[in-house]
Amino acid sequence: MNPKTEEPERDLPELIPARMLIEFAYCPRLCYIEWVQGEFLDSADTVDGRFQHRRVDSGSGKASEEFETFHARSVYLSGRSSGITCRIDLLEGEGGQVTPVDYKRGEAPDIPEGAYEPERIQLCAQGLVLKENGFVCSEGIAYFVKSKKKVPIAFDDALVGRTKELIAELRTAAQLGEMPPPLEHSPKCFRCSLAGICLPDEITLLKEMEAADAETDKEEKGTTAGRIRRLLPSRDDTIPVYVVGQGNTVRKKGDRLEVWSREGKVSEVKLREISQLSLYGGVEITTPAMVELMQRGVPVIHYTHGGWFQGICLGATHKNVELRIRQFEYAMNPRRSILLARKAVAGKIRNCRTLIRRNDPVRSKDSLNLLAKLASDAEEASSSESLLGIEGAAAETYFSRFDNLLKAEDSGFSFENRNRRPPKDPVNAVLSYLYGILVKDLFVTLLAVGFDPYLGFYHRPRYGRPALALDMMEEFRPLIADSVAITLFNNEELSTKDFIKTGAGVSLTPEGKKALVGGYERRMETEITHPIFGYKVSYRRVLEVQARLLARVISGEIKEYPPFCTR
């Protein structure tokens, strides 16, 4: 069944912003992501562009002084016949004869037309709106700030025809609800702030791999590294902030967040450096601090003392309604859901096998062979029930070897079996706590991409259960949480004084929690080579890449979800 055939007719806005038209002329996919899906990220170019336009709006700077016939600035106009709404930077002229002036941050290109097509299209669209509003307008001016050059753009029949053609194409693309394909190895991608959302090279490669036969597939994998450009940063410059401890309070002061205890200020961090704020137990946050973080789009996550995820405070939610509609349609279709569930479970089992192969000194061939077989079986499971059985068998095999991964003679800790709620021993207490942090990170990532984290394809919906975050976590449990636990115990970063044993079970002390968070964050910042795309990327960035690949599966752009499996 093709999901696109079931799409209802879309209720599109009557008017297209002229800014979106210039994006469509530059890259149709970029326009779709921004206008239809509501995604946007700043780059140095977009920030500088806003700065240059602020100078125009305020009338400051030398550039506007060159226009002696200046009439108006930041003029908003709409044209129903042309289907365009626009803001004109400067409008000059006399009587009914006017000329729109558009500011460009860079240098004037040395080409016969004087400006690139997207820039000429934008001016022409403004001209169409001006004509519709009763003005005489036969040309526009592109003013390039860096070279301080005015370039006249004549609105001839060819340019008007091309502009109207692009308006129609943009409306058709939005109406179809089908994201345009990425540009292939275009130099435009290097300066695009949305390259990490678009994933042009990654999507192109995956589609080629799906179309290729088995023999060609092998040849393609050998040349992956040279064909995939790393267009997204390997790691994020912003960092998560964790506040642990009853009685602590988070406050805002200027451009910083401060953490105060009853004794005084404990620490501080710049607001622009925060990616998320995690509060454990009875930590309080002031209203000014909360409002500032919401305005910046920084999530505030609340946990219990034991590390259980309670909820999240976030500003305006993601605008990509289209993705959530398709997510719900996908989840309601058992045949589609099982395809994604198979990949998640098979990826988890393969990563469990890799962890044992690398760290188990005995390296039981029987266990490794059984896990390999169960991973293959998961790929062929016919129902969620059979998949649960396969996953259970794999977990039993994996955790039967887990104690071998711990250097018990050095750490003094051992593992018998997986238990929880509450955990009965220190190793299980650490695993549960780390799983809680990991599911939080995936919850935040899925929200940022546009998903509803509570509706999954494998874990079934239940009140308050982040099912999709749990689905996504499967392949990362052994790679992140289990690996951190093994490292902390084997390096003796945890000791018996970091745990509290009660009649109910075992929990962590505040110092033990800090050690866990530190180990977890080190793991998330570790850069690894992506097994499919060949570039180096941190585990934290991998979470986002995988979530965006899942979105491309839901939208129908690629057929199969590729789980992240290390070799």
Side-chain angles (χ1 to χ4, degrees), residues 1-7 203 206-207 209-211 214 217 322-354 370-398 435 438-439 442-443 445-446 449-479 531-532 542-543 545-565:
M1 184 183 298
N2 187 345
K4 298 185 185 66
T5 61
E6 301 174 357
E7 284 288 323
I203 296 301
L206 290 172
K207 292 175 75 171
M209 291 172 65
E210 289 175 348
D217 195 5
E322 175 187 74
L323 177 60
R324 291 193 287 277
I325 290 174
R326 288 181 170 174
Q327 177 190 355
F328 274 70
E329 291 175 346
Y330 226 95
M332 295 302 104
N333 187 318
R335 185 180 63 83
R336 292 183 191 165
S337 293
I338 191 63
L339 296 176
L340 291 174
R342 287 174 184 170
K343 292 293 183 180
V345 174
K348 173 188 176 181
I349 297 174
R350 290 193 174 96
N351 286 330
C352 287
R353 182 180 184 277
T354 298
L370 179 56
L371 287 173
K373 179 182 182 301
L374 289 171
S376 298
D377 291 345
E379 294 271 19
E380 304 297 329
S382 58
S383 66
S384 295
E385 291 74 20
S386 61
L387 197 56
L388 281 168
I390 294 169
E391 184 190 16
E396 182 179 356
T397 303
Y398 171 66
Y435 292 154
L438 180 56
V439 78
L442 284 160
F443 188 99
T445 300
L446 290 166
V449 171
F451 281 108
D452 181 343
Y454 290 101
L455 183 64
F457 307 105
Y458 179 47
H459 293 84
R460 303 318 300 166
R462 192 171 71 197
Y463 183 79
R465 183 192 209 184
L468 186 58
L470 293 170
D471 287 356
M472 287 288 294
M473 186 169 70
E474 294 296 350
E475 65 200 85
F476 293 108
R477 284 179 188 262
L479 297 179
I532 299 177
V542 166
L543 299 187
V545 171
Q546 293 302 115
R548 295 202 179 280
L549 291 177
L550 178 63
R552 298 296 179 253
V553 175
I554 300 301
S555 67
E557 189 169 27
I558 57 177
K559 295 178 181 178
E560 294 186 346
Y561 172 74
F564 186 86
C565 297

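Along the sequence shown, residues are numbered consecutively beginning with 1.
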What I'd like to find out is whether the side chain of Leu323 reaches to under 4.5 Å of the side chain of Phe451, using heavy atoms alone.
yes
Under the side chain to side chain contact (heavy atoms under 4.5 Å, CB included) criterion, do Tyr561 and Glu475 qualify, and how do the steps go?
CA-CA 12 Å; Tyr561 172 74; Glu475 65 200 85; 2.9 Å; yes
Side-chain contact, heavy-atom cut-off 4.5 Å: Ile338 with Arg342?
yes
Determine whether more than 12 heavy atoms belonging to other residues, nucleotides or ligands lie under 6.0 Å from atom CD of Glu379.
yes
How close do Pro562 and Gln546 get, heavy atom to heavy atom, and via which atoms?
O-NE2, 2.9 Å
Note, Val553 side chain near Tyr330 side chain (heavy atom, < 4.5 Å)
yes
So Ser555 and Arg326, do their side chains get closer than 4.5 Å, heavy atoms only?
yes
Please tell me if the side chains of Leu470 and Val439 come closer than 4.5 Å, counting only heavy atoms from C-beta onward.
yes
Decide whether a cation-pi geometry holds between Arg336 and Phe457; the criteria are a distance under 6.0 Å from NZ or CZ to the six-membered ring centre and an angle within 45° of the ring axis.
no
For Gly456 against Ala467, the heavy-atom pair lying closest together:
N-CB, 3.5 Å
Pair Leu550-Val449, side chain to side chain contact (heavy atoms under 4.5 Å, CB included): steps then yes or no
CA-CA 10 Å; Leu550 178 63; Val449 171; over 6 Å; no
Looking at every non-hydrogen atom in both residues, tell me the closest pair between Gln327 and Ile554 and how far apart they are.
N-CG2, 3.7 Å
Please step through side chain to side chain contact (heavy atoms under 4.5 Å, CB included) for the pair Leu479 and Val542, ending with a clear verdict.
CA-CA 11 Å; Leu479 297 179; Val542 166; over 6 Å; no
Reported CG-to-OG1 distance for the pair Leu370 and Thr397, which is rounded to 0.5 angstrom
4.0 Å
Can you name the closest pair of heavy atoms from Met472 and Ala547 and give their distance?
CE-N, 3.7 Å
Between the CD1 atom in Ile349 and the CD1 atom in Ile390, the distance rounded to the nearest 0.5 Å is 7.0 Å
Closest heavy-atom pair, Cys565 versus Asn351, reported as atoms and distance to 0.1 Å, is CA-OD1, 3.2 Å
Once you round to the nearest 0.5 Å, how far does NZ of Lys348 lie from CD of Glu391?
4.0 Å
To the nearest 0.5 Å, what is the distance between CG (Asp452) and CD1 (Ile325)?
12.5 Å
Quick one: sort the Phe564 and Phe476 rings into parallel, tilted or perpendicular, breaks at 30° and 60°.
parallel
Would you say Leu340 and Asp471 make side-chain contact, with heavy atoms under 4.5 Å?
no
So, do Leu455 and Leu468 sit near enough that their side-chain heavy atoms are less than 4.5 Å apart?
no
Distance, nearest 0.5 Å, that separates CG of Leu549 from CD of Glu557:
10.0 Å
Could you report the tightest heavy-atom contact between Ala393 and Leu374, atom names first, then the distance?
C-CD1, 3.9 Å
Side-chain contact test, heavy atoms from C-beta onward, threshold under 4.5 Å: evaluate it for Leu442 versus Leu438 and give yes or no.
yes
